[in-house]
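What follows is a set of notes on a single structure, which appears directly below.
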Amino acid sequence: MAVTAGSKVLNNVEAVRETLYEAMKSDDRTIILGEDVGARGNVFLITKDFINEFGPERVIDTPIAEASIVGIAVGMAMEGLRPIAEIQFADFIYPAFNQIVGEAAKTRYRSNGEYTCPLVIRTPYGGGVRGALSHSVSIEALFYHVPGLKIVAPAFPADVKGLLNAAIDDPDPVLFLEHKKTYRLIKGEVPEGHYTIPIGKANVIKEGRQLTVVSYGLYVHWALEAANQLENEGMSVEVIDLRSIRPMDRTTILNSVEKTRKLLIIHEDNKFGGIGAEISAMVAEEALFSLDAPIRRLAAPDVPAMGYAEPLEHEYMSSPAQMADAMRELVKF
Amino acid sequence: MATTITMPQLGETVTEGTVAQWLKKVGDTVEKYEPFLEVSTDKVNAEVPAPVTGVIKEVLVKEGDTVPIGTAIAVIEEVGAATGTAPAAQAPSTPESMAASANEEPVPGFNIPQLPTKPAAASSGNGHARTGNGVIPSSYGAPGGLDTAGAEDALRKASPAVRKLARENNLDIRAIRGTGTNGRVTADDVLTAAAMGPAAAVGQAIATGTNFGATPPPAFAPAAPPSAPPASGTSTYGEPIPGTVIPLTQARRIIAERMVESKHTAPHAWSMVSIDVTNVWKWRAREKDRFERETGYKLTLLPFFIRAVVESISAFPLMNAKFTAEGIYVNKDVNIGVAIGLPTNLVVPVIKNADKLSIKGLAIAAGELIDKARRNKLGVDDLAGGTFTVNNNGANGSWASAPIINGGQAGIVTMETVEKKLLVRDDDSFAPCYVMNSCLSLDHRVVDGYVASGFLADLKKRLEKMGPDGAL
């Protein structure tokens, strides 16, 4: 891969690691806390050796107690530190639900703006890695209902760095979702030094004129693969990488749908009440008279979890071929 | 029961129509949807289908008479509510076709959503239909069976976008040929019908020379060759495959008909001048950045050229005339059609009253129309009423071309490529100059070479005197 001057090629794990490292270097208020982030250096080795360089007061190994991790981080944030809390796997975030939804998201409102909660909660999510029931979950829909929270789920290394920097700089709590299957699978050029990508801004990663496909996370890569396949068949599909789930970039989605008149939303999370439901409703409200086909969602079935057995995992997830089929049907509709 | 038939409105701007021909006489039986008269306006000729089945009782307007829209023209005595003659080809309704069976065994208690699969058998319905109260140009829709059930189905299944676009363009959805799944009328079908169908479009859409090679907008960039060729031995205009047939689209069919008609009825004569556009070129170069910043549109040579054309037309009004059976009709308005090549067809939107616009006004008007054309947003009115046509043919380096006249106009003039050349002046000095050829095709029934060459010489003189500065 030819590398542009001022950039280097990183995978998503390396992009997270570099961003965290630069944040630790540039601001003493930055604290990393979570299970195994210190001595073990995180289960994906994202914070390897951080504890040696920054010490156990800034790289804190916590007990297996997610409510405490987030609760303590909320206190740190309110009192002027810049904590980056890690939930080792998104599947373990439920005990911290109250601290995230009841405390962090409401701090600014409850204190009438006197306190803010500049907290980042990082967590790996998503499946396709044979992670079974407790290492495959998508949690975004559980949190995107909550005003006061921002949720980002980048797919590309450069977006990981730009959005993680934006999350760290943000004065309010940000839930930062890292798709674990993309961690070492996806590589890309990442600019050196500090830069941010605005939270709430989607990215049109492929332009097209017959169908708009909206996705995020791992599925962005698969949707792009499917869209390129369709391009070879003479069909023109636009692919939008949402990047931020909340706030949602309504403008980019609506502009695209007004152009293509057809919308397919693809996500790994369950279909019922998922992110696609909100996008569908928004487009139906704002752009009904641009629609030339029913809005369609391709998402996980209503089953409680991704199974461990390979056929169950495949059944739960949508393949690039299934995505291509859905796109074909909508283009031809 | 007697039904009174009134003169239909053929396009938004049309106020009257001429009964060109009665296809049925008093006493003849007519089937619902069967064409029973031909109406012509200054924009289209169209067959009017009967709204009911019955017997023609009275004919109220003679052939050749022109009456305002809404005027009673005939009375049909109804003989029962017979439907169309073709077998009703009921397309499977969308919800049913979508209720495809899951390809895995469903887990009891869990609803496994599946993508809809293709309906097992495609409907054999013709998917398009004629309308009772709309008007269908004679070339519109395939001949053969008429399917009222299909027509109503098309209406029922019309998407919000299709309904909105049909309303905006004053089209009846039931009269549009559907190219979607099971013959569904798609938004693109409505836009094609609007650009090419009922009104002006038919006459105006079709300009001119061989401008199909114009650079397509990025959204239309040709795709890579398909991995597998279509099985049926057909291909598309965007991706022609050697050894296959490209089925005629409505637009392509109309373009073909109108080209042949113009070439066969209007004897084309041709002439060319070479124009020194150095000063215009410099003027444009100086203004273009600011213009684009202020208006959002690119400043090309086109508006300067159109400005010179409309000035020359005011000096030579016969160039703004048309041949009719009654005589040479000299148009009051100067409406300039601008030929715009798209990847699969050609449209000629019209700048109305172009003689009233400054160069800046023309640049904005042209920019808007080009933008609309590329986004497939041209409406019927954008395409109607042209009296003379300009074809910017030089973008790809063409040095001369012989354009086909837009039907019902006296001429069409081209802008060829601008080249830098050494010109020797009258005083034997020489200088590098920007030079552009301009070619004129004229309808020799309307004007002779005397007028045409005077017009071209005048156009050349005006362009050479423009610039290098002044107010746009």
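Throughout, protein chains are lettered first and strands after them, A, B, ... in sequence-line order, and every chain is numbered starting at 1.
Atom CZ of Phe92(A) sits in a crowded spot, with more than 12 heavy atoms from other residues, nucleotides or ligands closer than 6.0 Å. Environment of OH in Tyr94(A): crowded, with over 12 heavy atoms of neighbouring residues, nucleotides or ligands closer than 6.0 Å. Phe289(A) CZ: 12 or fewer foreign heavy atoms inside a 6.0 Å radius.
Taking 4.5 Å as the limit, some side-chain heavy atom of Leu288(A) sits within range of a side-chain heavy atom of Pro160(B).
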Exercise. Between Asp292(A) and Arg184(B), does a salt bridge (Lys or Arg N to Asp or Glu O under 4.0 Å) hold up when you go through it step by step?
Worked result: CA-CA 10 Å; Asp292(A) 195 25; Arg184(B) 188 184 76 92; 3.1 Å; yes
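Across all their heavy atoms, Ser159(B) and Ala293(A) have their closest contact at CB-N, 4.3 Å.
Annotation: the span from Arg261(A) atom CZ to Thr186(B) atom OG1 amounts to 8.5 Å, rounded to 0.5 Å.
Classification of Asp188(B) and Arg209(A) as a salt-bridged pair fails, no side-chain N sitting under 4.0 Å from a carboxylate O.
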